[in-house]
Amino acid sequence: MDTLLQDLRFAVRSLARSPGLSLAAILTLGLGIGANSAMFGVVDRLFFRPPAHVVDPNRVVRVNVTRTQPPFGTSTHSVATFPRYADIRDHARTLSSVAAYAGGGFSLGRGTGAQRVDGELVTASFFPLLGVKPERGRFFTAEEDRKGGARVAVLSDEFWQRQFASAPDVLGKTLQLDADVYTIIGVAPRGFTGVELRGTDVWVPMSVVAPVSRWPRVLECEGCYWLQTIARLAPGVTAAQAAGEGTALYRAHAGDAGEKSADSTATVSMGSVHEALGPNVNPAAKLSVWIIAVCGAVLLIACANVANLLLARALQRRREIALRVALGAGRGRLIRQLYVESGVLAGLGLGAAFLVTLWAGPLLSAALIPGAATGTALDPRMFAFSAALAVATALVAGFAPALHAGVPNLAS
């Protein structure tokens, strides 16, 4: 430990003697690491990070259907009709729970003071399926989620703070959404957005609201594709087994009640809970993969530039290094010293990278994931990724100088 502290002190003094070179290396690494960290935040939310507050998200799947519709050809989508959702809900044995949801905007209030809020129409099984617990109050029940049921609403934590200033007595208050009045019965936990990235202000019962906000017979319509279906796999059941049963159920009712767009050869698949991994990938998700690849190339170029700077500096220190070797310093000790210096640079570059991430992260998120709920710019996952990049950068950038120091020409 004492030796390491000595190396750190020597590295700081050595870098301070070359402020221009040190600053150039720090800024180069800061831009390279920061750009990658900012893009990692976007890619992580799109492809890897599980939805907030969802219990065992690996068992939650999206129900997709592949159909052939002449003259449009074959396509895979996750949009379904309410009757097809009901078939899977009532008859599937490989699924422990099935739920449906659909996005919908509402006008909060009336007159000149009205404002738009983002809402979701969800079935009563939506919250239990995800395993989420309310922050306050409760979620609505199956008795409330029926035609003619009570007009109740669950607020997001963010909307509760924004609209009601986190008032503890919010339960029982009313909301004017479009032409109807809803009673607030619960508040969802902070950061919960369901299985979508977009922020949601309020959740309302599907069977109560859909016939009013969409079409009176939308729940019976066989040809109205307007909702998304999610399910939780039963214990011990694989996604392939559930897909086989879903396909059989779908084909058994294909064409019921004049469903003209039905396909008796359609197949059902159980996709990832991450929408970006589904059949209809958002163009922004594809673009984000290309951008992070470009950012990776930029980081490699940054490492090469810093390595060149450090190598040029090592060439200037040839007499010093040769003298230390002649006095008995081990070559392993010299290599470690140079790696400590590159590590100090990478650490300072990491600090600069955090500033880049704080600035660029929200901009990239707004551009590539529009409407997504805002989150912490530097969360633990992004911090760990940035730190890992800094370590890798220190190893790559310090390799050439360390290799050069390991074989000094003492005679010259």
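Quantities reported herein were computed from a predicted structural model and do not represent experimental measurements.
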task: State, to 0.1 Å, how close Cys295 and Asn36 come at their nearest heavy-atom pair, and which atoms those are.
output: O-ND2, 2.9 Å

- prompt: Would you find more than 12 non-hydrogen atoms of other residues, nucleotides or ligands less than 6.0 Å from Lys173 atom NZ?
  reply: yes

message: Is there a side-chain contact between Leu233 and Leu95 in this structure, where contact means two heavy atoms from C-beta onward sitting under 4.5 Å apart?
response: yes

- line: Nearest heavy-atom contact between Ser342 and Ala394 is OG-O, 3.3 Å

Arg232 (side chain) donor-acceptor with Asp56 (main chain) under 3.5 angstrom: yes

- prompt: Side chains of Leu46 and Ser288: closer than 4.5 Å at any heavy-atom pair?
  reply: yes

field: Donor + acceptor pair across side chains of Glu245, Thr94 (<3.5 Å)
entry: yes

- prompt: Can you pull the salt bridge (Lys or Arg N to Asp or Glu O under 4.0 Å) pairs that have at least one residue in residues 381-390, sequence neighbours excluded?
  reply: Asp44-Arg381

query: Which heavy atom in Phe139 sits nearest to a heavy atom in Ile185, and how many Å separate them?
result: C-CD1, 3.9 Å

- line: For Thr123 and Asp145 the tightest heavy-atom approach is CA-OD2, 3.3 Å

query: Closest heavy-atom contact between Ala231 and Leu129?
result: CA-CD1, 3.8 Å

task: Compare all side-chain heavy atoms of Phe159 with those of Asp118 and state whether any distance is below 4.5 angstrom.
output: no

- prompt: Looking only at heavy atoms, which two atoms of Glu158 and Gly191 are closest? And how far apart?
  reply: OE2-N, 3.2 Å

query: Do you see a donor-acceptor pair shorter than 3.5 Å between the side chains of Ser78 and Gln228?
result: yes

Show which side-chain atoms of residues 301-308 pair as donor or acceptor with protein atoms under 3.5 Å away, not counting sequence neighbours.
residue : atom : partner : partner atom : Å
Asn305  : ND2  : Ile301  : O            : 3.4
Asn308  : ND2  : Ala304  : O            : 3.3

field: Distance-only polar pair, side chains of Thr68 and Thr74, donor-acceptor under 3.5 Å
entry: yes

- prompt: Side chains of Pro168 and Arg136: closer than 4.5 Å at any heavy-atom pair?
  reply: yes

field: NZ or CZ of Arg67 within 45° of Tyr225 ring axis and under 6.0 Å
entry: yes

